[in-house]
6 protein chains.
Amino acid sequence: MRVKTPSESRTVMTDLVLPSETNPLNNLFGGELLARMDRAASIAARRHSRRITVTASVNHVAFNRAVPLGSVVTVEAAVSRAFTTSMEIFIDVWIEDRFTGERTKANEAIYTFVAVDDTGKPTEVPPLEPETDLEKERYAAALRRKQLSLVLAGKLKPADATELKALFLKD
Amino acid sequence: MRVKTPSESRTVMTDLVLPSETNPLNNLFGGELLARMDRAASIAARRHSRRITVTASVNHVAFNRAVPLGSVVTVEAAVSRAFTTSMEIFIDVWIEDRFTGERTKANEAIYTFVAVDDTGKPTEVPPLEPETDLEKERYAAALRRKQLSLVLAGKLKPADATELKALFLKD
Amino acid sequence: MRVKTPSESRTVMTDLVLPSETNPLNNLFGGELLARMDRAASIAARRHSRRITVTASVNHVAFNRAVPLGSVVTVEAAVSRAFTTSMEIFIDVWIEDRFTGERTKANEAIYTFVAVDDTGKPTEVPPLEPETDLEKERYAAALRRKQLSLVLAGKLKPADATELKALFLKD
Amino acid sequence: MRVKTPSESRTVMTDLVLPSETNPLNNLFGGELLARMDRAASIAARRHSRRITVTASVNHVAFNRAVPLGSVVTVEAAVSRAFTTSMEIFIDVWIEDRFTGERTKANEAIYTFVAVDDTGKPTEVPPLEPETDLEKERYAAALRRKQLSLVLAGKLKPADATELKALFLKD
Amino acid sequence: MRVKTPSESRTVMTDLVLPSETNPLNNLFGGELLARMDRAASIAARRHSRRITVTASVNHVAFNRAVPLGSVVTVEAAVSRAFTTSMEIFIDVWIEDRFTGERTKANEAIYTFVAVDDTGKPTEVPPLEPETDLEKERYAAALRRKQLSLVLAGKLKPADATELKALFLKD
Amino acid sequence: MRVKTPSESRTVMTDLVLPSETNPLNNLFGGELLARMDRAASIAARRHSRRITVTASVNHVAFNRAVPLGSVVTVEAAVSRAFTTSMEIFIDVWIEDRFTGERTKANEAIYTFVAVDDTGKPTEVPPLEPETDLEKERYAAALRRKQLSLVLAGKLKPADATELKALFLKD
């Protein structure tokens with residue numbers, strides 16, 4: 001399978017925040033943002049694998065900034081690392097000030113998708129080769145996240161998660 | 001503030017999986033489930049705090065079982081630990097077999113909500129006292145998760161996350 | 001077929017009232033509440049029968065209390081009586097005050113569902129045995145409601161609706 | 001207030017049945033039809049009263065015919081009788097065969113709406129004068145239905161519901 | 001095929017403007033109105049042809065009047081001319097003042113639909129015979145619009161669009 | 001006001017086609033595509049003007065290719081010419097083959113938006129300066145389209161539409 005780059009799967013989903021998606025403070029519901037990010041990430045995963053793709057997991061997501069009603073929200077997703085049948089997708093969320101147009105980072109999230117065939121069986125995906133510095137950094141960190149995920153799922157002993165363990169033994 | 005129990009915030013949201021919420025394999029989109037869990041969790045957080053509540057973060061979520069079109073899905077959320085202004089909400093998701101009625105666990109997720117006043121400023125919430133064994137176990141683990149969350153956000157040095165560190169140094 | 005109790009079909013659907021579901025007074029549209037009750041009732045009917053179930057009729061429904069935007073609404077449905085192929089479902093609707101948490105009854109409704117096979121043909125359902133006093137009272141009243149329904153549909157002569165007739169001849 | 005006729009409030013809502021509104025047999029959910037009828041009826045009530053109108057009650061509704069996915073459904077609503085502050089709305093539902101264009105009656109329903117001012121307080125509505133034979137028949141029956149509704153709500157003794165009582169004492 | 005009249009395809013779709021369909025000025029989004037008109041027009045096209053119909057093109061649409069939240073909007077669509085396999089649909093949009101009930105024209109639009117068989121192949125439709133003066137005027141203008149459409153699509157030389165050319169050479 | 005380029009307003013909206021948006025042939029409804037294009041175009045208009053923007057008109061739109069259920073659709077909108085208070089927005093729609101990833105043009109559309117202040121009054125927008133050849137070509141054609149639009153609205157005599165007239169007098 002041909003090696004692919006993150007830019008080949010990059011997916012941009014710009015849309016408005018509508019009244020039916022907001023909480024009593026008139027900000028976008030966290031759950032709606034999670035759903036939009038899932039749709040953008042699933043498209044990125046499909047662009048990388050050219051397969052049906054299903055959400056396997058969502059990494060820790062922090063909601064640092066409220067997204068007010070009427071905002072323009074841009075969700076940008078790209079594959080950050082490919083494993084045998086799964087792909088890690090890194091998602092950046094930006095909002096724009098209605099009047100100045102200033103663009104600020106609202107969120108980051110990391111989802112994992114699995115490529116499957118028509119019967120739902122996992123199937124191989126192409127390898128990924130990062131190009132930019134940011135892509136390389138995210139690619140490297142993806143392995144550490146995968147170990148953490150396996151530890152949390154009880155599928156890897158903490159002591160064997162070498163990359164992760166190192167993190168806790170530093171200084 | 002009066003101490004509350006998890007059962008005082010327990011929220012049950014049973015509903016069908018509709019055709020507009022499914023992927024090409026006719027299973028519920030991961031993102032739709034994340035949005036339902038967010039709504040159920042926000043109600044549990046409000047029941048505990050009697051305040052407006054906003055999603056602060058979502059812990060790692062794994063999607064282990066597909067949820068087919070037409071399924072009956074039950075999302076059950078309850079506060080698992082209260083901190084000063086934030087609450088950890090533990091969410092269990094069940095699906096029922098249409099014909100046998102057999103109920104199986106489809107997912108678990110952990111969201112954190114913050115209670116805010118009308119201006120969006122964080123405000124204090126009542127303490128939580130777990131009652132059952134499962135509630136006590138989740139209550140204890142919540143502290144470890146909070147440390148992990150702070151480490152991942154770069155707000156706590158891994159070496160100071162004593163509970164978490166212990167986990168990686170065992171055996 | 002094994003006799004079942006109302007608690008085996010009890011279905012709890014708690015959810016928020018969103019802006020897209022409200023009228024010009026910022027209260028939940030009557031029609032939206034009817035649709036939610038239908039979904040909850042169809043799940044209760046399916047839990048009792050383990051069949052595909054379709055709405056056969058809706059009894060008289062009165063809307064006594066407005067349900068404001070942002071409310072937490074709990075719809076609770078359970079089979080109140082089973083006939084040969086149809087089930088009467090009794091639905092209670094509760095709303096919670098956002099700040100005090102006080103729970104008040106907003107509505108009651110009664111739907112009838114029929115169990116069908118894959119071709120849409122009515123099919124037998126298990127008998128129901130009420131347990132609590134309230135369940136027994138609803139079970140008894142269901143027969144009177146069925147007669148009224150048949151009278152209104154022109155399928156039973158008023159004079160033959162013995163239970164119902166008695167009601168109008170009292171005092 | 002000027003007397004109005006049913007044709008002044010007649011409201012026609014023709015629309016398709018979409019995939020997101022159908023049950024596992026690919027027919028329109030009963031609850032979706034109830035919601036559409038509520039919207040059409042609320043427009044008819046507003047056309048008669050020129051006020052904000054809220055659903056007060058729904059009479060017994062029987063679902064006699066399934067409405068398949070892709071059907072064209074026409075909901076036709078008109079005020080059938082006006083009382084002091086409330087209006088009875090009679091609703092006819094038609095479906096068309098996709099190929100022959102044959103139009104068949106799928107449902108009938110009767111909703112009651114109350115006209116309110118901006119604070120939600122009931123306010124007077126114009127009288128209604130029926131014109132056609134069908135309108136006159138529905139107008140006459142509306143009084144009987146109102147008595148039944150009051151009896152069922154415990155606000156009128158069955159023995160005092162003279163019109164209704166007569167129905168049960170015939171033959 | 002039997003000749004049909006515009007009144008045989010006339011489709012009336014009356015509905016409310018809901019909060020989820022409005023822009024920051026609390027008026028109906030242009031795009032939502034385009035979508036409603038498309039649904040009404042597709043029903044009119046189906047009523048004329050008794051076939052599956054798909055949108056082929058939308059003529060120039062001007063939005064002259066804002067449609068405020070809570071308005072009652074009536075979309076009225078009817079076939080204005082039938083060609084071999086396509087139909088031009090003329091759509092009138094009316095809004096009603098909530099209090100006076102005054103009905104004003106909000107928009108006009110013209111869509112073209114093609115009748116297709118189950119494989120998506122264009123298929124013949126019945127001829128149309130206009131009856132009223134307005135229907136005759138729209139019927140005549142439809143040919144000019146068709147030429148303009150072909151010119152814009154580069155399928156007809158401007159010099160050969162005789163009806164249209166005349167328009168630009170007058171005075 | 002600072003002159004802006006088309007790339008400053010370029011808006012990319014990539015999303016899936018969901019089952020609730022498809023017609024009986026399982027293709028995206030024309031009306032849904034019109035609504036998506038309107039949302040994307042309104043964001044482009046806002047990015048250019050930094051004002052509230054409302055749809056003023058939609059140019060002729062042809063639907064040349066069906067967009068099947070499950071497709072990835074990319075709507076790309078950018079301001080093509082700015083007038084005093086209005087902006088012409090050019091929209092390109094692409095679809096991707098699920099398996100080969102081949103991207104094909106599905107549609108083009110042209111919308112006009114007006115910038116307004118909080119009371120809905122038209123307000124000035126910055127001038128636009130095209131950069132690429134395609135942008136320059138679209139910029140030039142926009143004037144011709146504006147004349148055609150004025151002619152069709154009866155606000156400009158055909159004989160005075162000099163640019164447009166030339167088109168019909170060629171060869």
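Residue numbers start from 1 in every chain, and the chains themselves are labelled A, B, ... in the order their sequence lines are given, proteins ahead of strands.
Taking 4.5 Å as the heavy-atom cut-off, the residues of residues 34-52 of chain A that approach chain B are A:L34, A:A35, A:D38, A:I52, ordered by number. Within residues 118-130 of chain B, the residues having any heavy atom under 4.5 Å from a heavy atom of chain A are, by residue number, B:D118, B:G120. Within residues 65-90 of chain B, no residue has a heavy atom under 4.5 Å from a heavy atom of chain A.
The residue among A:T55, A:N23, A:T53, A:I110 with the most heavy atom pairs within less than 4.5 Å of chain B is A:T55.
Within the 4.5 Å cutoff, no side-chain heavy atoms of A:V54 are placed close to those of B:N27.
Here the straight-line distance linking atom NE2 of A:H60 with atom OG1 of B:T112 works out to 6.5 Å at 0.5 Å rounding.
Neither the backbone nor the side chain of B:V114 comes within contact range of chain A, judged by heavy atoms closer than 4.5 Å. Using a 4.5 Å cut-off between heavy atoms, A:Y111 touches chain B through its side chain atoms alone. A:A56 touches chain B through its backbone: at least one of N, CA, C or O sits under 4.5 Å from a heavy atom, while the side chain does not. Neither the backbone nor the side chain of B:N26 comes within less than 4.5 Å of any heavy atom in chain A.
Annotation for B:S57 and A:A62: closest pair CB-CA, 3.9 Å, computed over non-hydrogen atoms.
B:N107 is linked by a side-chain contact (heavy atoms from CB on, under 4.5 Å) to B:L33, B:V61, B:F63, B:V93, counting only residues two or more places apart in sequence or in another chain.
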